Amino acid sequence: MKDKEFRRSMAVFPMGAVMKLTELSARQIRYYEEQSLIFPERSDGNRRLFSLNDIDVLLEIKDYLSEGLNMAGVKRMIEMKREESEKTAKRALSEEEIRRIFREELLSQGGLAQRNPNAFQAKM
DNA sequence: ATTCTGACA
DNA sequence: TGTCAGAA
């Protein structure tokens with residue numbers, strides 16, 4: 001199962017493809033890269049090449065934002081997930097665990113909410 | 001035609 | 001975040 005992970009990390013998608021796949025603007029995608037949430041490689045003329053992993057993260061960022069988290073909150077979530085998966089290469093994070101962490105983050109700082117202050121009740 | 005960086009009426 | 005400019 002190493003071959004699969006290798007291909008998921010293959011940087012082969014140009015900006016245009018990622019924009020369509022994620023419904024995000026180039027501006028946002030570049031911004032998330034600056035926030036070290038994704039690490040697209042560069043190619044020929046300094047053009048970004050994204051991997052399936054980058055796209056997955058972008059998709060996660062999307063729904064975290066729709067859940068009401070701001071950039072600070074999104075970064076924490078992605079970073080935690082990254083640490084958790086790097087350190088715990090063994091067992092994957094259970095849905096319950098992720099929801100638990102998510103809830104803790106929301107409660108730890110009532111300021112994390114930004115857009116839909118009421119989306120939580122509906123979701124959680 | 002596409003994407004990149006930098007900047008802001 | 002959008003968007004425009006100037007370059008590659």
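Model, not experiment: these values are computed from the prediction. Below, chain A is the first sequence line, B the second, and so on; all start at residue 1.
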Between [N] ([atom2]) and [X] ([atom1]): distance, integer Å:
{"X": "Leu49(A)", "N": "dC4(B)", "atom1": "CG", "atom2": "P", "value": "9 Å"}
{"X": "Leu65(A)", "N": "dT1(C)", "atom1": "CG", "atom2": "P", "value": "6 Å"}
{"X": "Ile29(A)", "N": "dT3(C)", "atom1": "CD1", "atom2": "P", "value": "15 Å"}
{"X": "Gln28(A)", "N": "dT3(C)", "atom1": "CD", "atom2": "C1'", "value": "13 Å"}
{"X": "Phe13(A)", "N": "dT3(B)", "atom1": "CZ", "atom2": "P", "value": "14 Å"}
{"X": "Tyr31(A)", "N": "dT3(B)", "atom1": "OH", "atom2": "P", "value": "22 Å"}
{"X": "Glu34(A)", "N": "dT1(C)", "atom1": "CD", "atom2": "C1'", "value": "12 Å"}

- Note on the structure: The dot-bracket string of DNA chain C, counting Watson-Crick and G-U wobble pairs with both distances under 3.5 Å, using [ ] for crossing pairs and | for pairs to another strand, is .|||||||

- Counterpart residues, salt bridge (Lys or Arg N to Asp or Glu O under 4.0 Å), relative to Asp3(A) (two or more places apart):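 Residues passing salt bridge (Lys or Arg N to Asp or Glu O under 4.0 Å) with Asp3(A): Arg7(A).
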
- Message: Suppose we screen for salt bridge (Lys or Arg N to Asp or Glu O under 4.0 Å). Which residues come up paired with Arg48(A), at least two apart in sequence or across chains?
- Response: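 In terms of salt bridge (Lys or Arg N to Asp or Glu O under 4.0 Å), with neighbours along the sequence ignored, Arg48(A) is linked to Glu33(A).
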
I'd like a list of close polar pairs between nucleotides 5-8 of chain B and the protein, N/O only, cut-off under 3.5 Å.
{"unit_1": "dT5(B)", "atom_1": "OP1", "unit_2": "Arg42(A)", "atom_2": "NH1", "d": "3.1"}
{"unit_1": "dT5(B)", "atom_1": "OP1", "unit_2": "Arg42(A)", "atom_2": "NH2", "d": "3.0"}
{"unit_1": "dT5(B)", "atom_1": "OP2", "unit_2": "Arg48(A)", "atom_2": "NH2", "d": "2.1"}

- Message: Base, sugar-phosphate or nothing for Gly16(A)? Non-hydrogen atoms, less than 4.0 Å.
- Response: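 Sugar-phosphate contact only - Gly16(A) comes under 4.0 Å of backbone atoms but never of a base.
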
- Only one of Leu37(A), Ile38(A), Ile55(A) forms a side chain to side chain contact (heavy atoms under 4.5 Å, CB included) with Ile29(A), so which one is it?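 That would be Ile38(A); it is the only one of Leu37(A), Ile38(A), Ile55(A) passing the side chain to side chain contact (heavy atoms under 4.5 Å, CB included) with Ile29(A).
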
Compile the donor-acceptor pairs under 3.5 Å between side chains in residues 19-27 of chain A and protein atoms, sequence neighbours left out, one pair per line.
{"unit_1": "Thr22(A)", "atom_1": "OG1", "unit_2": "Val18(A)", "atom_2": "O", "d": "2.7"}
{"unit_1": "Thr22(A)", "atom_1": "OG1", "unit_2": "Leu24(A)", "atom_2": "N", "d": "3.3"}
{"unit_1": "Ser25(A)", "atom_1": "OG", "unit_2": "Gln28(A)", "atom_2": "N", "d": "3.1"}
{"unit_1": "Ser25(A)", "atom_1": "OG", "unit_2": "Gln28(A)", "atom_2": "OE1", "d": "3.3"}

- Query: What do the steps show when you test Glu60(A) against Lys81(A) for side chain to side chain contact (heavy atoms under 4.5 Å, CB included), and what is the final call?
  - Reply: CA-CA 11 Å; Glu60(A) 288 179 46; Lys81(A) 191 164 190 175; 3.2 Å; yes

- List the steps and the verdict of side chain to side chain donor-acceptor pair (under 3.5 Å) for Ser66(A) and Asp63(A). CA-CA 5 Å; Ser66(A) 69; Asp63(A) 42 61; 5.7 Å; no

- side-chain contact (heavy atoms from CB on, under 4.5 Å) partners of Ser36(A), counting only residues at least two apart: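 Checked Ser36(A) against side-chain contact (heavy atoms from CB on, under 4.5 Å); matches are Phe39(A).
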
- Query: If you take all heavy atoms of Asn70(A) and Leu65(A), which pair is closest and at what distance?
  - Reply: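 Minimum heavy-atom contact is C-CD2, 4.5 Å.
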
- Message: Tell me whether Leu52(A) shares a hydrophobic cluster with Tyr32(A), the cluster being built from Ile, Leu, Val, Met, Phe, Trp, Tyr side chains joined at under 4.5 Å.
- Response: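 Result: yes, single cluster for both.
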
